[in-house]
K.L.:
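Please see the structure below; I have some questions.
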Amino acid sequence: MKLPLSFYTRSDVVQIAQELLGKILVTRIDGQLSSGMIVETEAYCGENDKACHANNGRRTKRTEIMFQEGGKAYVYLCYGIHHLFNVTTNVDGLADAVLVRGLEPIEGLDLMMERRKMKRLGNKLSSGPGSLSKALGITTKMYGQDLTGDTLWIEDRGIELKPINIKVGKRVGVDYAEEDALKPWRFVIRNNLWTSKPAV
DNA sequence: CTAACGATTCGCT
DNA sequence: GCGAATCGTTAGT
């Protein structure tokens, strides 16, 4: 079943990041379905987290969506090349988000491989935030998409993870955030092939 | 208006 | 393992 708005509007973004492991991220573009299980996430908190784009009152055109009510897609371009997909959380006025960094493909394998221009299936297909966005066809056109809509959404298919199967670590690529770079806000599924590089 | 840089990936060595 | 690719956003002039 599709996750309800109430899943996203809760206040503990770190908790939500952890719960998103094992959920299914789905896109439907031009009638074509593709999906995968979320195997890696990172939490970003608007208040008190220098790694977050919206930290320190930076409410700009780009970060605006994070300040609104949760349950929307925050997509932005990184290094001029890669589209990174985030889920916004919390209530109106609080800019929290969860970055999805790894996906285990489930449906639409051919479509994903075509988008990624890969000849053979490999874990590079959708591990890493830029890669999975491209595999699912997520671009900045999806900015602000409602996750309770029918283009881009997240499902719960009853997959349950025990705490022992979840690894926790510091976030990737945020060394500039000083002391906040050390926060244990990265969650990955243990022994899953589809997580991005540095295993915690 | 201008300049600097990033929540990265890929290809080559 | 290392470096280039590449452009929107941001902050400062």
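Labels below follow one simple rule: chain letters A, B, ... track the order of the sequence lines, proteins then strands, and each chain is numbered from 1.
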K.L.:
Scan the side chains in residues 21-30 of chain A for donor-acceptor partners under 3.5 Å anywhere in the protein, sequence neighbours excluded, and list what turns up.
P.N.:
residue: A:K23; atom: NZ; partner: A:E19; partner atom: O; Å: 3.1
residue: A:T27; atom: OG1; partner: A:S34; partner atom: OG; Å: 2.8
residue: A:T27; atom: OG1; partner: A:L136; partner atom: O; Å: 3.0

K.L.:
For residues 71-94 of chain A, which residue pairs qualify under salt bridge (charged side-chain N to carboxylate O under 4.0 Å, His left out), counting only residues two or more places apart or in two chains?
P.N.:
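Checked against salt bridge (charged side-chain N to carboxylate O under 4.0 Å, His left out) - neighbours excluded - no pair reaches residues 71-94 of chain A.
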K.L.:
Centre of A:F7's six-membered ring, under 6.0 Å away, within 45 degrees of the axis: is that where NZ or CZ of A:R10 sits?
P.N.:
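Here A:R10 passes the 6.0 Å and 45° test against A:F7.
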K.L.:
If you look only at distance, which donor and acceptor atoms sit under 3.5 Å apart when one is on a side chain in residues 103-114 of chain A and the other is two or more places apart or in another chain?
P.N.:
residue: A:E104; atom: OE1; partner: A:N192; partner atom: ND2; Å: 2.9
residue: A:E107; atom: OE1; partner: A:S35; partner atom: OG; Å: 2.5
residue: A:E107; atom: OE1; partner: A:R157; partner atom: NH2; Å: 3.2

K.L.:
Sort by first number and list every stem of DNA chain C: at least 3 consecutive Watson-Crick or G-U wobble pairs, both distances under 3.5 Å.
P.N.:
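Stems found: B:1-6 with C:7-12, B:8-12 with C:1-5.
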K.L.:
Taking only heavy atoms on the protein side, list every residue of residues 111-144 of chain A lying under 4.0 Å from any atom of DNA chain C, sorted numerically.
P.N.:
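Going residue by residue through residues 111-144 of chain A, none turns out to have a heavy atom under 4.0 Å of DNA chain C.
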K.L.:
For residues 84-138 of chain A, which residue pairs pass the ring pair (Phe, Tyr, Trp, His ring centres under 6.0 Å) check, not counting sequence neighbours?
P.N.:
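Output for this query is empty, none listed.
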K.L.:
Which residue pairs pass the ring pair (Phe, Tyr, Trp, His ring centres under 6.0 Å) test when at least one of the two sits in residues 125-181 of chain A, sequence neighbours left out?
P.N.:
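Of all non-adjacent pairs touching residues 125-181 of chain A, none passes ring pair (Phe, Tyr, Trp, His ring centres under 6.0 Å).
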K.L.:
Tell me if a side-chain donor or acceptor on A:R101 pairs with a main-chain N or O of A:E40 at a distance below 3.5 Å.
P.N.:
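Checked: no pair found.
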K.L.:
So that I can tick it off, tell me whether A:K50 and A:E178 are bridged by a salt bridge, with the cut-off set at under 4.0 angstrom between side-chain N and carboxylate O.
P.N.:
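A salt bridge is present here (some side-chain N lies under 4.0 Å from a carboxylate O).
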K.L.:
Just jot down the salt bridge (Lys or Arg N to Asp or Glu O under 4.0 Å) partners of A:K141, sequence neighbours excluded, or say none.
P.N.:
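Applying salt bridge (Lys or Arg N to Asp or Glu O under 4.0 Å) to A:K141 gives none.
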K.L.:
Could you tell me the boundaries of the chain A footprint on DNA chain C, defined by atoms under 4.0 Å from its heavy atoms?
P.N.:
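On DNA chain C, the outermost contacted nucleotides are C:dA5 to C:dA11.
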K.L.:
Contact list please: residues 48-84 of chain A against DNA chain C, heavy atoms, distance less than 4.0 Å, in numerical order.
P.N.:
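Contacting residues: A:R58, A:T60, A:R62, A:L77, A:Y79, A:G80, A:I81.
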K.L.:
Mind checking which nucleotides bracket the chain A contacts on DNA chain B, 5' to 3', with an atom under 4.0 Å from a heavy atom?
P.N.:
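First-to-last contact on DNA chain B, by the 4.0 Å heavy-atom rule, is B:dG6 to B:dC10.
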K.L.:
For residues 76-83 of chain A, tabulate all N or O donor-acceptor pairs below 3.5 Å that involve a side-chain atom, not counting sequence neighbours.
P.N.:
residue: A:H83; atom: ND1; partner: A:T140; partner atom: N; Å: 3.4

